[in-house]
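Heavy atoms only: backbone and side chains are in, while hydrogens, waters and symmetry mates are out. Whatever order the structure lists ligands and atoms in, that order sets their numbers, starting from 1.
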Amino acid sequence: MAQTKKLLRTLNGERLDVPPIWMMRQAGRYLPEYKATRAQAGDFLSLCYNPDLAAEVTLQPIRRYGFDAAILFADILLVPQALGADLWFVTGEGPRLSTITSADDFAKLKPASDIHEVLSPIYETVRILSRELPPETTLIGFAGAPWTVATYMIAGRGTPDQGPAHALRQEDTATFEALLDRITEATIDYLSMQIEAGAEVVKIFDSWAGSLKGDAFRKYALEPAKKITAALKAKHPGIHVIAFPREAGENYIGFAKEVGADCLALDNSVDADWAAKHLQVDGCVQGNLAPGHMVTGGKALIDETRRIVKAFSGGPHIFNLGHGITPDADPANVQLMIDTVRENAS
Ligand code: CP3
């Protein structure tokens, strides 16, 4: 049967007159219905591990806006928790984890094969979604890339410059690399289970890829993404992979091709005209409106949305933000963005 889902057609390399749209963090605190369900769950992690409520918040932006894709509601830091790290969220500040700064700390982690006990509710969320999503909506699963996940496991929190992770990488390379390997292995198993449960696409979030330079970028951002992609494609032929080496700059060039990903997600520091010329030549790109437009709206939002759509109109393109929508965004601006992307749809 010919593929009818717009997002999957685009990932297969087709150029569509109106690009499919979804948005990073589309289920989130800018939506009153999300805040209500989150309050019902009690806290963020309880929401992630409650399949009915996690499926509900995943569906909310689909009902409200009719996005072309739904992204599983979960978090990249569930993998560290499943590997045995302590994890909690401090309201208004962000995640906190027990730290890994030595071979002894690393030795306390569980083997990758043990993660499913903690993560099984996530697979149930995926199963519910694959039953309940409208037939035209693509289901995206995801995980953090090993480097980004490691930055949180090493520092025990988000850091502006990933300093503690860079320090471990330089001072105890063996422990650092063992940690990356453990996360890589766990990520392959985790994404495989999401695919078996019904995810049609998986996205690998390397939010801090931009702080790796030169040979370190190749070793710790590109190589793990390549390994994960190859393993998933060997096990699940036809699965689509979106890679997001955020703020990789010139390292974006050739990344998708070398990794074997079907789509390269672009952050909003990348100029769309430059990207059309240097990145979209290799295939599908995703992005890359600055999330700030969801706060400020108006003519600037419309102009910039049109500029991005036009820049990428020569090839396969998935419209998205360059990073997650923020809690202070106005839900009406999301509708304005969607209407602008679809303005010439017949
Ligand atoms: O995109 C989606 O809608 C799917 C769900 C999703 C979440 N986190 C839910 C979430 C996805 C794909 C993520 C990925 C994620 N999580 C990343 C990579 C993408 C990126 O943003 O760079 C990272 C680095 C994390 C780790 C994380 N989770 C941080 C640093 C924080 C705190 C910051 C914040 O916004 O509060 C989270 C919390 C989080 N993850 C929220 C949501 C909706 C907010 C929690 C809440 O409801 O209080």
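- The shortest N or O to N or O distance between R38 and ligand 1 is below 3.5 Å.
- With a heavy-atom cut-off of 4.0 Å, K203 does not touch ligand 1 at all.
- Considering CD of E223 and OG1 of T184, their distance stands at 10.5 Å, rounded to 0.5 Å.
- Within the 4.5 Å cutoff, the side chain of E136 has no heavy atoms near those of the T4 side chain.
- Against a heavy-atom cut-off of under 4.0 Å, L72 is close to the following atoms of ligand 1: 4 (C), 5 (C).
- The contact set between ligand 1 and P95, taken as ligand atoms under 4.0 Å from a residue heavy atom, comprises 29 (C), 30 (C), 31 (C), 32 (C).
- Heavy atoms of Y34 approach ligand 1 to within less than 4.0 angstrom.
- Not a single donor-acceptor pair under 3.5 Å links the side chain of Q280 to the backbone N or O of K277.
- Other residues, nucleotides and ligands contribute at most 12 non-hydrogen atoms within 6.0 Å of the CD atom of E250.
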**OP:** Before giving the answer on salt bridge (Lys or Arg N to Asp or Glu O under 4.0 Å), spell out for R15 and D17 the whole-Å C-alpha distance, their side-chain angles and the decisive distance to 0.1 Å.
**Re:** CA-CA 7 Å; R15 192 204 76 85; D17 287 336; 2.5 Å; yes

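- Within ligand 1, the atoms closer than 4.0 Å to a non-hydrogen atom of I71 are 1 (O), 2 (C), 3 (O), 4 (C), numbered from 1 in the order shown.
- Ring pair W208/H166: centre-to-centre distance not below 6.0 Å.
- Distances shorter than 4.0 angstrom do not occur between any heavy atom of M23 and any atom of ligand 1.
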Below 3.5 Å, can you tabulate the donor-acceptor pairs from side chains in residues 107-117 to any protein atom, sequence neighbours excluded?
from : atom 1 : to   : atom 2 : distance (Å)
H116 : ND1    : Y123 : OH     : 2.8

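- The protein atom (non-hydrogen) at minimum distance from atom 21 (O) of ligand 1 is H323 NE2, 3.2 Å.
- Using 4.0 Å as the threshold, A74 has a heavy atom nearer than that to some atom of ligand 1.
- Residue contacts with ligand 1, taken as heavy atom pairs separated by less than 4.0 Å, do not involve T91 at all.
- Looking from atom 23 (C) of ligand 1 to the surrounding protein, the closest heavy atom is I76 CD1, 3.4 Å.
- Between Y152 and ligand 1, no pair of N/O atoms sits closer than 3.5 Å.
- Any N or O atom pair closer than 3.5 Å counts here, and R246 shares no such pair with ligand 1.
- With rounding to the nearest 0.5 angstrom, the CD1 atom of I140 is 11.5 Å from the CD atom of Q194.
- Between F205, F89, F244, it is F89 that holds the heavy atom closest to atom 38 (C) of ligand 1.
- Between W147 and F176, the ring-plane angle classifies as perpendicular under the 30° and 60° cut-offs.
- Within the structure, ligand 1 lacks G324 among the residues with a heavy atom less than 4.0 angstrom away.
- Residues satisfying the ring-ring contact (aromatic ring centres under 6.0 Å, His included) test with W274, not counting sequence neighbours, are H278.
- Under a 4.0 angstrom heavy-atom cut-off, A27 registers as being in contact with ligand 1.
- In this structure, OG on S269 lies 5.0 Å from CD on E247, to the nearest 0.5 angstrom.
- Some N or O of D75 is nearer than 3.5 Å to an N or O of ligand 1, by distance alone.
- Ligand-side atoms of ligand 1 in range of Q26: 3 (O), range being under 4.0 angstrom from any heavy atom.
- Of the N or O atoms in W208, none lie within a sub-3.5 Å distance of an N or O in ligand 1.
- Neither the backbone nor the side chain of P327 comes within contact range of ligand 1; no heavy atom lies under 4.0 Å.
- Less than 4.0 angstrom separates some heavy atom of S207 from each of these atoms of ligand 1: 18 (C), 19 (C), 20 (C), 22 (O), 24 (C).
- Note: F73 and Y34 have tilted aromatic rings, judged against thresholds of 30 and 60 degrees for the angle between ring planes.
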